[in-house]
Each structure stands twice: as C-alpha cells, then as structure tokens.
There are 2 protein chains.
Amino acid sequence: MFRESKQREAILRFVKGTSSHPTANHVHEEMRKEIPNISLGTVYRNLKLLKREGKISELDIADSKSRFDGNPHNHYHFRCERCGRVFDVDEPVNKEIDKRIARKTGFKVSHHILEFRGLCRDCQSSNE
Amino acid sequence: MFRESKQREAILRFVKGTSSHPTANHVHEEMRKEIPNISLGTVYRNLKLLKREGKISELDIADSKSRFDGNPHNHYHFRCERCGRVFDVDEPVNKEIDKRIARKTGFKVSHHILEFRGLCRDCQSSNE
DNA sequence: AAATTAATAGTAATGATTACTATTAATTAC
DNA sequence: GTAATTAATAGTAATCATTACTATTAATTT
Ligand SMILES: [Mn+2]
Ligand SMILES: [Mn+2]
Ligand SMILES: [Zn+2]
Ligand SMILES: [Zn+2]
C-alpha cells in the first residue's frame, strides 16, 4: 500500500526528534535543509498521513472556524466528534491545578482550557 | 469612545441568548433575519470588540496555524501567551474525569484536551 | 528491464478572517 | 433643531493557512 520515500522518512524523523511542536511551515523549512526542493504540499500530506497512522499527533483542538460564547467566564466544553456541536459542561473549574503546574514548571499559569471529546447523545443513538 | 449601533446590539443579544456556540457565519445568518443587509465584516468586527470588552468569549484554543507533535499519546500542554511557544506538561492524564463527565451528561467521552495558558519562564523575566 | 502506480513538485483553488474605503448615522456643538 | 464631527457600516479586496490538482518522478513488482 505505502511506498517509502525519503521525504516522509525525514519528516517523521524530524517531528519525532523535536519537542518544539512545529507548524507545517516550520517542518518545511527544516526539511529544505536536507531536501532543498521538497514541497510544502508534501509536508502537509505526510503530516496528515503520519497522524492517521498514529505515529504523530496534532494540536488542533478547534477546527478552522472559531466559535463564540455568550458566557465570558472560563468554563469547560464538550465537542461531539460526529456532528461537531459544542456543549457546555457543568463542572467546576479546577483552580488548584493551575497552581500545581505553576509550581512544577516555573511558568506563570493564568488559566487552562479543557475540552472533552466524544459522541453526544443524539450521535450515539443514530446508527451508521 | 463607542457609539451604539443596532448591529452591535443585535449581535450581543443573539450571542448572549444562545447556547449553540455559533460561528461568525452562523451569527451573520441569524442577524440577516432582522437586519437583512448587515455585512459579515461587521459581524466579525463586533464579535472581536465584544470579546475585548469581556462581554462574550471565543473558543479559540489554538491559533490559526496547527502544530504537530512527535508524541502520539494524549498529554497536556502549556502555551505561552506572549511568545507562542508550546511546551509539554508532565502531568498524568486524568482518566477519571472522562468517566465522571460521561456519567453526568450521558455523552460518550473518548478523551479530553487540556491546555494551560500563561507566561513561560523566558517571557516572565523579559521586561517590557 | 519494463510495467505499474504511489509519491512528489509545483501551482491553483479554497475558505476563514482581516484590511480597506466610500458612505451612513450616532453624537456633540452651536 | 441643524450643522459638524467622526465612529460604524456595507461591500469589496487582500491575506494566509490549508487542500486540491496534475504532470512527472521513482519505488516496487513482474
Ligand atoms: Mn460555553
Ligand atoms: Mn506535546
Ligand atoms: Zn453529535
Ligand atoms: Zn514565552
């Protein structure tokens, strides 16, 4: 099914070897150092393919369209992976965890964003 | 400083009154029902302005560029709001919370995404 | 070595968002 | 109330990340 290519090997090697969480463009720039004419399309295609294969992951969280919320206060959400709807989750915000992370890392933590993923009730019952 | 406009009032009223977490386009479609020639630019401008004023919020989480990760397993991140860098957070993934949310909501929760926000060490020390 | 076809390079298209600009309308000054 | 001021708008153009397309290249099989 899949054929090997030096482009894909190099992309996987680089992404596996860095903790910089690079963007597609960053990966492309890095790749050009060893494969000068590698195309940006190849980088995108292989990042997506390697993700599908479970070899790497993507920090997407939201999809391309931003969503707005009449509630200006921090709260948690659930996003259905099938229908895309976003629901509020009535769970108290854990302020302690920000302090713990701040202590452990030395970072100044102002807040955190927590989003649950899965299937909403409608999408569980609908078959296919 | 700010003048009132029926467009901005209508946008705020709608976003405050729904729990659908609408996209900018969804807001625009809804607005056209009462202000038929309202422009999409006006919707975007006012959503951003209302967010700045703290009256609504945005479920952005990531910025426009997606980032990739050589670690394919679920783990937590810290994103610096000043320099934009993303760091791994060495905190065990809380699997219990998924079960609790599933019990409370009836949703099928497959996983959750947790991202801390604030200032990294470098950006705390750099003045200005 | 030839045939097959997955993968690539390069470019065009897409789609959400932002920028621009002439016009409209809310507010202020008289 | 009317004119002056200028923030806000409508409509359109530009931007930018990502995806789609297509002729060519190259990995694999026969
Ligand atoms: Mn919400
Ligand atoms: Mn990571
Ligand atoms: Zn659903
Ligand atoms: Zn920083």
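Remember, predicted model here, so these are calculated numbers, not experimental data. Note that these values count all heavy atoms, side chains included, but never hydrogens, waters or copies made by symmetry. Proteins get letters first, then strands, A, B, ... in listed order; numbering begins at 1 in each.
- In this structure, the CD atom of Glu9(B) is 19 Å from the P atom of dA7(D), given to the nearest Å.
- Using a 30° and 60° split on the angle between ring planes, Phe78(A) and Phe87(A) fall in the tilted class, from 30° to 60°.
- Classified by interplanar angle (parallel below 30°, tilted 30° to 60°, perpendicular above 60°), the ring pair His112(A)/Tyr76(A) is tilted.
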Report task. Could you run through nucleotides 23-30 of chain D and give me one letter per nucleotide, 5' to 3': B if any protein heavy atom sits under 4.0 Å from the base, S if only the sugar-phosphate is that close, - if neither? Result -> ---BBS--
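- Taking atom NE2 of residue His26(A) and atom P of nucleotide dT18(D), one finds them 14 Å apart after rounding to whole Å.
- Between Glu96(B) and Lys99(B) there is a salt bridge, since at least one side-chain N of the basic residue sits less than 4.0 Å from a carboxylate O of the acidic one.
- Nucleotide dT18(C) holds its C1' atom 13 Å from the CG atom of Leu47(B), rounded to whole Å.
- For the pair Arg52(A) CZ and dT19(D) C1', the computed distance is 13 Å after rounding to whole Å.
- Taking 4.0 Å as the cut-off between side-chain N and carboxylate O, Glu34(B) and Arg13(B) count as a salt-bridged pair.
- Classification of the His26(A)-Phe14(A) ring pair by plane angle, with boundaries at 30° and 60°, yields perpendicular.
- Here dA8(D) presents its C1' atom at 11 Å from CD1 of Ile11(B), a figure rounded to the nearest Å.
- Taking a pair to require two hydrogen-bonding distances under 3.5 Å in either a Watson-Crick or a G-U wobble arrangement, dA22(C) pairs with dT9(D).
- For the pair Arg32(A) and Glu29(A), the salt-bridge criterion is not met [side-chain N within less than 4.0 Å of a carboxylate O].
- At the phosphate of dT19(D), neither OP1 nor OP2 sits under 4.0 Å from any side-chain N or O atom of Tyr44(A).
- Here the side chain of Arg8(A) is nearest to one of dA8(D), dA20(D), dT8(C), namely dT8(C).
- In this structure, Asn46(A) reaches the dT8(C) phosphate: one of its side-chain N or O atoms is under 4.0 Å from OP1 or OP2.
- With Ser125(A) contributing its side chain and Asp122(A) its backbone, the two residues share a donor-acceptor pair below 3.5 Å.
- The interatomic distance linking Leu59(A) (CG) with dT18(D) (P) rounds to 13 Å, in whole Å.
- Atom NZ of Lys48(A) is separated from atom P of dA7(C) by 14 Å (rounded to the nearest Å).
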Query raised in the report: Checking side chain to side chain contact (heavy atoms under 4.5 Å, CB included) for the pair Asp88(A)/Asn71(A): CA distance, chi angles, key distance, verdict?
Result: CA-CA 10 Å; Asp88(A) 288 324; Asn71(A) 178 356; 5.8 Å; no
Find every protein N or O atom lying less than 3.5 Å from an N or O atom of nucleotides 9-13 of chain C, and list the pairs.
residue, atom, partner, partner atom, Å
dA9(C), OP1, Gln7(A), NE2, 3.3
dA9(C), OP1, Asn37(A), O, 3.4
dA9(C), OP2, Ser39(A), N, 3.1
dA9(C), OP2, Ser39(A), OG, 3.3
dA9(C), OP2, Thr42(A), OG1, 2.6
dG10(C), OP2, Asn37(A), O, 3.4

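- Comparing dT19(D), dA7(C), dT18(D) by their closest approach to the side chain of Ser66(B) singles out dT18(D).
- Of the possible polar contacts, one joining the Lys104(A) side chain to the Asp90(B) backbone as a donor-acceptor pair under 3.5 Å is found.
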